[in-house]
Amino acid sequence: MSTEEKVASHYTHGSLEETILAGLTAGGKDIDHLSIDDLAGIDEFHLGRREATREFARDLDLSDGMRLVDIGSGLGGPARYIASTYGCIVTGVDLTDEFVKVADILTERCGMAAQVSFRQASALSLPFANQSFDRATLIHVGMNIEDKARLFAEARRVLKPGGRFGVYEVMQMRDGALPYPMPWAMTPETSFVCTPETYRRLLKEASFTVEFEQDRSALAIRMAQEMRASAAGGGQTLSLGALMGPKAAERVGNVGMSVGSGLIAPIEMIAKAD
């Protein structure tokens with residue numbers, strides 16, 4: 001299998017729609033009339049979860065009617081949040097076919113299909129014309145992509161001049177081997193974590209200017225602590241662990257330990273298209 005096929009296989013659950021809808025029903029949600037808040041506990045696969053999405057979106061200088069592409073959109077949580085909160089028209093792109101199908105289903109059940117849509121495609125070959133979007137986002141995606149130069153070149157191609165590219169990625173902060181399995185990879189074979197310096201250099205080479213950078217480790221640690229407390233108190237009917245499958249607890253534990261020790265960090269960068 002190619003690296004992309006291995007990555008898609010890693011994220012494929014097999015019965016994701018059924019698992020999510022059953023969990024929501026058990027939690028007392030009306031699955032035919034969902035809200036983005038109903039889904040907030042399970043549709044954002046990144047450190048800091050909804051709170052991180054909220055902070056990230058604030059920094060993107062969004063306004064009503066803007067067109068935004070979310071590269072590596074997963075189940076569509078950030079895309080739906082941005083569309084609902086800021087009035088943007090959002091298109092999500094993801095490599096994993098099951099994620100795209102479930103993202104569309106959840107969006108339809110939220111009554112947002114006219115504003116948010118999803119397509120299955122590679123981040124290295126986006127299926128859009130040049131200068132199609134005002135904004136682009138990349139949330140915990142680059143860890144699975146070795147050719148970040150091509151990734152950033154594609155983001156720049158589909159952005160209008162002056163548009164902004166929001167990056168929220170797990171980055172390596174000091175020397176040391178990452179413990180596997182991690183949420184994004186079971187082994188180092190499909191893991192390509194880089195330093196902030198590498199991101200800055202490659203963004204510059206792709207004709208971006210980094211205007212803002214923020215380490216979100218403190219937020220990620222706090223949100224993880226709150227999630228554990230909620231789970232211990234029986235406050236979660238459906239958890240990310242149920243969706244992640246084998247070794248979920250070990251994978252979450254490894255990333256938490258690595259952030260806590262300063263080996264890796266969730267870093268936000270906002271870059272302007274030159």
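Residues take their numbers from the sequence shown, with the count starting at 1. Every heavy atom of this structure was used, including side-chain atoms; hydrogens, water molecules and symmetry mates were not.
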| Side-chain (Arg150) to main-chain (Leu124) donor-acceptor, under 3.5 angstrom | yes

| field | Salt bridge present between Glu205 and Arg201 (N-O < 4.0 angstrom) | value | yes

| Is Glu98 salt-bridged to Lys101, cutoff N-O under 4.0 Å? | no

| message | Between Asp37 and Ser35, do the side chains contain a donor N or O and an acceptor N or O under 3.5 Å apart? | response | no

| task | Mark yes when over 12 heavy atoms from residues, nucleotides or ligands other than Asp175 sit less than 6.0 Å from its CG; otherwise mark no. | result | no

| said: Assess whether a salt bridge exists between Asp43 and Arg80, defined as any Lys/Arg side-chain N lying under 4.0 Å from an Asp/Glu carboxylate O. | reply: yes

| query | Charged N to carboxylate O under 4.0 angstrom, Lys6 versus Glu189? | reply | yes

| request: Mind telling me whether Phe128 and Phe133 have parallel, tilted or perpendicular rings, with 30° and 60° as the class edges? | output: perpendicular

| task | Please check if any side-chain donor atom of Asn144 sits under 3.5 Å from a side-chain acceptor atom of Tyr11, or the reverse. | result | yes

| field | Aromatic plane relationship, Tyr168 with His140 - under 30° parallel, 30 to 60° tilted, over 60° perpendicular | value | tilted

| task | Salt-bridge test for Arg216 and Asp59: reply yes if a basic N is under 4.0 Å from a carboxylate O, no otherwise. | result | yes

| Would you say Asp94's side chain and Val100's backbone share a donor-acceptor pair under 3.5 angstrom? | no

| NZ/NE/NH1/NH2 to OD/OE distance under 4.0 Å, Lys29 and Asp38 | yes

| query | Aromatic rings Phe165 and Phe152: how do their planes relate, parallel, tilted or perpendicular, breaks at 30° and 60°? | reply | perpendicular

| query | Can Ser122 and Ser125 be counted as having a side-chain donor-acceptor contact under 3.5 angstrom? | reply | no

| query | Should Val93 and Met143 be counted in the same cluster of Ile, Leu, Val, Met, Phe, Trp and Tyr side chains packed under 4.5 Å apart? | reply | no

